[in-house]
Amino acid sequence: MKKKIHHLLIFSFLVLLSSCSKDAYDDYYERPDSLEPPIYQQLEARGNFKNLLVLIEKAGYKDILGKAGYWTMMAPNDEAFTKFFQEQGISDVNKVDAETASKIVKYALIYNAFRADQLSDYQSGTGWVPDNAFRRRTAFYDGFQNKTINGKPMVVVGSNRNGGYLSGDNNNKYISYFEKEYFAAKGLTSNDYNFFFPGSTYTDFNLLGGSVKEADIVAENGIIHEVTKVSLPLVNLDQYLENNSQYSQFRKLLEDNLVIYAFNQSATTTYRNFSGKNDDVYVKYYDPTLPYSPNNENFLKQADNDGQSDAYTLFAPDNASLQKFIDEVLLKNYPSIDKLPQYIFQDLFKAHMVQGAVWPSKLGSFNNGLDEELRFNLNTDIKEAKVLSNGFFYGTNKVQASNLFYSVYTSAYLDPKFTLATRLFNDGSSYREIISNINQKYTLFLPSDTVLRGLGYEYNTARSEWNYVSPINGAALSGTPARLRLLRVLYNCIVPTPNGELNDLSGSGIIRSGDMDIPGEYIKWSSNKVYAAGNEVLENMANILGYEDQQNGRTYYIDKLLEFSEQPPGTDLKNLAVAGSEYFNFYSYLKNSSIAFAGDKIGGVNVGNSYTFIVPNNAAIIQAVKDGKLPGNPATGVPNFAPALLGDQDQVADFIRYHILVNKTVSDDGLEAGQIETLRKDSKDEKTYVSVMSDTGVLTFIDKANRSANFIANKSNNLADRTLIHLVDNYLLYTE
């Protein structure tokens, strides 16, 4: 009996201990009396959200919002619903179906709880960024949609990355609000709000077209902001185009040329598990070269929440303005729209897309996807402006006047006869941007595909490389060597002409092609023919076949290339120095000097560099002999072109070197002036210089002794490989 009593006492003690522990546990974890009710109960207690509560139940969210969680709810009050019912033409909340109820409730729910003073802050991955947000991600997403694409029924889902799709991301829609702290930080005013919502009043805290009547209603599972307008989920840029016939032409070009529908296994598996159906799912992809995908509800996703701080902008021309542009610009040389290369469509849409939220007052601060300023007048060119779920939409009555469609570049770009030249302009360089800049004037000499192919140039699309076969000797180049050869031809074809210097080619003249970014050479024209150094060698000047004026200059169509010379400058000098020529004496010293080599090569004059040859005329050379600066008879001035003494040979070599300027090609155009290095080195192996004075029709060289040599115009500006050869009236003297 004692044993039984002992066990009973132990059992009674354990029961008592257990009871005490449970009471302590309950006390510790009991819901505090000070904690506010959950969102659903808060709305219910306030009494002015009766309609919203009905929709919450219809949407199946009563349990979710009546328990723990972490939400911000933009809650429309009953007055807002009264207006909504009138707008929708329904009598009361009972007429709202479950699908619509779900849309309203989910779009009113923002993930995480935010007080009003937090909504303007960007929740970045590295911390809060004050006053840098105007949007938040909601619980609503479109999901899988049944569409008919090209007559075929499909289950379609939008891309949730720019040019791509990531499984597991529902592509949730964002909702925008307009709060005073953000507006102040960004320099925005009520006009920026009213441009999008002309029928609403800016109140310092607006949610789309409505306002926040009471903010920061605290609930156990989040924050409630009472709003004055019911918001159905906004469409995105892709959906707005689809649903608006004013821009159907714009959308058709986009859909036909820059959109594909591709089967996706991951999306298909998700859909089948969700729906119990066996359909395949196709992702609607936009061309990855575009600044963004108009059906992507996310922003760049460089950070998870970057959609809080920014959005996309699309400018869409209406049907009439786009059709006019198609007829007058795009199809000027193409027979039909389906014949245009894809890159034209890519550029057309890039011109109308901005990877950022373009507020009306900040229009001038943004560039489009082609890095051009936006060329729209808000007062005259914008038909409508909309805030959508993934960005801003501007409907326009004009097409962005992109450089690509109104510059000398356009002549090749929009003509199928010049695809090779266009490819070269676009070939991994900045040439396209340079010549399409409508703020800079150029003259473009444009060879057709027929001309290029006839001279041995072709592009191998299968290997993505240029090829060249010499029409003279059959020598072949491919890849980089062929491309570089063609680029040298291209340089000669691009001429900066700020004052329209080449609008009349009936006379004659010389001008330098290229600019700071394009290493061009000098070319000449005469009686409506143009030529470069190589054309002189080959004796085949290019004929002008016609021309076209663009906003930034003139394009000439030519029947031959502006060829570069493939012979050393020494050969060109030799050709100038025939018996009786004013170049004869100088060249005679050169050809017998220690710096003259086989093949007319000159020591120190290297392939690929630029030079200027300053050649004293025969009289100046005779004077140099008399002055003892060149070997010969000082009394008579008779030159000794082939001196035997080593000292005399060095004197000749240094004399010639001092008359060759390196790394600069100068002419009488004022483009180059100042101290320019020569080929000569002094006794300490230091560089020597000649001072150059250049202006229109004037070219003077001043040596270290302050002596001048003036170019003789009618005997100068002779073309050679990256070189000009000038005849001057005096010799240059270098003194240690």
Indicate yes or no: at least one non-hydrogen side-chain atom of [X] is less than 4.5 angstrom from one of [Y].
X	Y	value
F393	F196	no
L109	F140	no
L253	I337	yes
D287	Q346	yes
Y285	V259	no
Y122	W128	no

Side-chain donor/acceptor of [X] to backbone N/O of [Y], under 3.5 Å:
X	Y	answer
K50	G47	yes
E179	F134	no
D381	T396	no
N319	Q246	yes
S293	N295	no
N160	D169	yes
D318	N397	no

| query | How far apart are the C-alpha atoms of K229 and E87, what are their side-chain angles, what is the distance that settles it, and do they pass the salt bridge (charged side-chain N to carboxylate O under 4.0 Å, His left out) test? | reply | CA-CA 11 Å; K229 188 174 180 63; E87 293 167 356; 3.7 Å; yes
| message | Using the rule given for side-chain hydrogen bond (donor to acceptor under 3.5 Å, both in side chains), can you reason through Y271 versus N278, listing the C-alpha separation, both sets of side-chain angles and the distance that settles it, and then say yes or no? | response | CA-CA 8 Å; Y271 174 75; N278 293 319; over 6 Å; no
| request: Evaluate whether atom CD of E99 has more than 12 neighbouring non-hydrogen atoms of other residues, nucleotides or ligands under 6.0 angstrom away. | output: no
| query | Do you know the tightest heavy-atom contact between F405 and T410? | reply | C-OG1, 3.1 Å
| query | Where do F205 and A215 come nearest, in terms of heavy atoms and distance? | reply |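 Closest heavy-atom pair between F205 and A215: CE2-CB, 4.2 Å.
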| request: Test E57 against D63 for side chain to side chain contact (heavy atoms under 4.5 Å, CB included), laying out the working first. | output: CA-CA 8 Å; E57 292 191 38; D63 189 57; over 6 Å; no
| field | Y193 and N206 side chains, donor-acceptor separation under 3.5 Å | value |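 Looking only at side-chain atoms, Y193 and N206 do form a donor-acceptor pair, the distance falling under 3.5 Å.
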| message | Given D304, which partner from the list K301, Q308, Q302 fulfils the side-chain contact (heavy atoms from CB on, under 4.5 Å) test? | response | K301
| said: For S407 and S436: C-alpha separation, side-chain torsions, deciding distance, then whether side-chain hydrogen bond (donor to acceptor under 3.5 Å, both in side chains) applies. | reply: CA-CA 5 Å; S407 62; S436 65; 4.8 Å; no
| Y240 and Y247 aromatic ring geometry - parallel, tilted or perpendicular at 30°/60° bounds |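 Ring orientation, 0 to 90° scale: tilted.
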| Parallel, tilted or perpendicular: rings of Y312 and Y292 (30°, 60°) | parallel
| message | By the definition salt bridge (Lys or Arg N to Asp or Glu O under 4.0 Å), identify the one residue from D347, D427, D371 that meets it with R432. | response |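 For R432, the salt bridge (Lys or Arg N to Asp or Glu O under 4.0 Å) check succeeds only for D347.
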| query | Can N390 and K173 be said to form a side-chain hydrogen bond (donor to acceptor under 3.5 Å, both in side chains), step by step? | reply | CA-CA 7 Å; N390 63 345; K173 286 184 179 289; over 6 Å; no
